[in-house]
Amino acid sequence: MKIDRRNMLRNMFALAAVLTFPRFLFAARPDTAFAATSADKAIADLLGDGTPADSSAIQMKIPDIAENGAVVPVTVSTELENVESISIVVDNNPTPLAASFDMGPKLLATVSVRIKMGQSSPVRAIVKAGGKLYSTTKEVKVTIGGCGG
Amino acid sequence: MNRSISFLSLFVLGFGVGTVAHADPEADRLALVNYYQQRYPNVDLQEYANGLYAFDEVAREQWIEMEDFPPYEIGMEEGEEYFNTPFANGKGYADCFENGGIGIRQNFPYFDATLGEVVTLELAINQCRETNGEEPLPYLDGELVAVSAYMAYTSRGSTTNVNIPTQDPRALQAYESGKEFYYARRGQLNFACASCHAQSAGLSLRADRLSAALGQTTHWPVYRSSWGEIGSLHKRFRECNVQVRARPFEAQSLEYRNLEYFLTYMSNGLQLNGPASRR
Amino acid sequence: MGKPIKIRAKLKGDIAEVKALMPHDMESGLRRNPETDELVPAHYITVVNVEHNGEAIMQAYWGPAVSKNPYVAFSIKNAAVGDVIKISWTDNQDDSSETEATLK
Amino acid sequence: MRLFFLILIVIFFAACGGAPDEESVAAVAPPQEVSETPTVSTERSTSYEVAYADALAAIQRATAKGHAWTTSDQLIKDAAEAAQNGDSALAISLADEARIHADLASIQADREALTWRDNVITQ
């Protein structure tokens with residue numbers, strides 16, 4: 001293979017780009033994890049084996065009693081370093097994996113989203129940081145409205 | 001028997017006419033204000049414009065979170081576009097309303113002396129369309145409600161100020177009909193609007209906190225999470241009627257317009273804060 | 001082409017707080033049409049991408065359990081006035097949308 | 001079973017309506033005559049045609065008073081469907097039930113016309 005100057009330059013630029021943004025490469029959507037009907041399988045499909053360790057370094061803000069199961073606001077934040085992803089799993093939903101965020105290094109480790117809950121359920125926030133899994137869980141009650149439907 | 005019938009009709013007639021002649025909307029409103037202030041001394045009057053969130057801390061937090069980026073903005077912005085798109089004849093909504101339709105939500109509903117009926121904003125929007133040769137739009141949701149949402153938005157912060165021309169007995173009759181609608185039990189469940197929203201406001205019905213009769217009109221149209229879109233006050237009237245298993249009236253029927261007239265009067269003095277999001 | 005995304009970004013120091021609302025039905029595929037009683041086909045956003053000045057900074061994968069008209073909020077470090085934030089989505093029916101916002 | 005259901009509805013209605021016994025229903029009886037509200041008959045109709053026509057008339061009376069119930073609307077629809085499917089026994093039961101609901105709705109309307117003011121917050 002002949003290395004001319006132009007190719008050389010191009011390679012140097014490519015290398016520089018990789019060095020500047022070293023970690024953030026996107027994967028494809030983990031479709032099997034989203035299709036999984038149990039929380040444990042969804043988590044295993046999404047993040048690989050290994051039970052997430054309970055961590056007090058994750059804060060999940062979610063109501064104890066959801067006003068409407070169709071719109072439950074969730075915010076997950078963490079002080080953990082080198083956060084790679086934040087995922088939200090609703091155990092009792094038909095397919096428990098609700099959302100997963102691949103977090104680039106330029107983001108603060110916090111994300112908010114509104115999710116649907118079919119019924120009362122534990123909700124887990126799972127953070128992958130430095131190659132390890134951490135989680136926190138909260139029980140959320142979904143009530144049947146008398147008027148609001 | 002005959003005597004009892006005539007006695008009864010006399011009674012009904014006398015009762016009906018007498019009360020309309022002596023109907024005192026302001027006394028009704030003050031009674032409600034007084035009632036709630038005694039019952040919930042810690043709830044500021046203006047807070048009633050926020051419905052059940054005046055009472056329910058848990059729900060309120062979620063609502064405030066929703067307000068971070070409220071989903072009604074989607075419909076409201078569509079409404080602004082519709083509002084500014086001219087009709088086929090080159091005119092537009094702005095030509096039908098005072099001040100080009102901006103900041104005038106608080107003037108509705110009003111009693112139209114010529115028509116002899118209560119006119120709501122939604123009715124006026126369709127009147128505007130028909131005057132300009134456009135098809136009237138459905139009243140429950142969609143384009144008309146979006147226009148209404150935009151117009152409500154331009155009126156935020158104005159004060160509800162329904163003015164009932166008390167010298168016009170027809171206006172008082174309309175008010176009184178609306179009041180009767182609110183307080184009469186209906187449907188298989190035998191509930192009046194008031195059964196839930198007057199004496200029971202702030203209490204729970206199954207999992208729901210009930211909003212008060214005060215402030216029920218300030219914030220329409222509303223994006224209800226259960227609807228997944230913005231809808232009109234009359235859509236909610238219909239839904240409430242169906243929930244007690246009463247056959248609902250058509251949106252913008254005389255019955256519902258009179259109800260809106262009464263109910264909006266009860267909110268006089270409260271700030272307009274529509275459109276809004278609710279559970 | 002899906003509806004445009006509504007983006008609101010606020011600069012606090014050098015942190016950009018970004019909030020976005022995406023008009024989308026997010027049909028789960030489990031809901032029945034109340035009139036016909038037929039299942040409404042699943043139609044939901046599957047992937048969301050965020051770029052900051054052309055650089056990918058986040059990718060979200062969603063299922064049908066994200067609420068109708070999805071809302072998402074996140075914060076970008078080392079942001080400045082004039083920076084461009086681009087958010088885009090694709091859904092399970094290969095529809096897509098993208099919108100840019102400039103930090104002020 | 002259906003009769004039991006009916007009785008339950010009547011009891012529920014009475015309990016919620018503040019019309020706890022027959023006496024208080026009787027108390028609003030005169031306006032029923034004025035406005036031709038029938039008393040509620042739980043007798044079974046002899047034919048579907050009669051049952052249906054009576055139910056329809058009862059629903060129209062309740063509608064005219066602005067107090068129709070969704071339950072009678074649904075029941076009469078179900079009755080027509082049963083009749084179409086050739087189940088005339090069921091069709092008669094459903095139509096009778098629709099009529100009873102509609103008659104109760106009319107009684108409610110008459111009672112409320114006289115008593116709604118009792119619910120108004122006045123102080």
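Chain A is the first sequence line, chain B the second, and so forth, proteins listed ahead of strands; every chain is numbered from 1. In what follows, every heavy atom counts, from backbone to side chain, and hydrogens, waters and symmetry copies are set aside.
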Could you give the side-chain donor-acceptor pairs of residues 76-88 of chain D under 3.5 Å, partners two or more places apart or in another chain?
| residue | atom | partner | partner atom | Å |
| --- | --- | --- | --- | --- |
| D:D78 | OD1 | D:Q74 | NE2 | 3.0 |
| D:N85 | ND2 | D:E81 | O | 3.4 |
| D:D87 | OD1 | D:L90 | N | 3.2 |

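- The two atoms that bring B:E176 and D:R117 nearest to each other are OE2-NH2, 2.9 Å, heavy atoms only.
- Scored by the ring-ring contact (aromatic ring centres under 6.0 Å, His included) test, B:Y261 finds no partners at all (sequence neighbours excluded).
- Here the closest non-hydrogen pair linking B:Y183 and D:E112 is O-OE1, 4.1 Å.
- Proximity to chain D among residues 25-42 of chain B is limited to B:A31, B:L32, B:N34, B:Y35, judged by heavy-atom separations below 4.5 angstrom.
- Scored by the ring-ring contact (aromatic ring centres under 6.0 Å, His included) test, D:H67 finds no partners at all (sequence neighbours excluded).
- Contacts of B:F181 with chain D are absent, with no heavy-atom separation under 4.5 Å from either backbone or side chain.
- Using a distance-only test at 3.5 Å, with no hydrogens or angles considered, no donor-acceptor pair links the side chain of B:E180 to the main chain of D:A113.
- One distance of note links CG of D:N119 with CD of B:Q199; it measures 6.5 Å at 0.5 Å rounding.
- Heavy-atom distances place both the backbone and the side chain of B:A246 under 4.5 Å from chain D.
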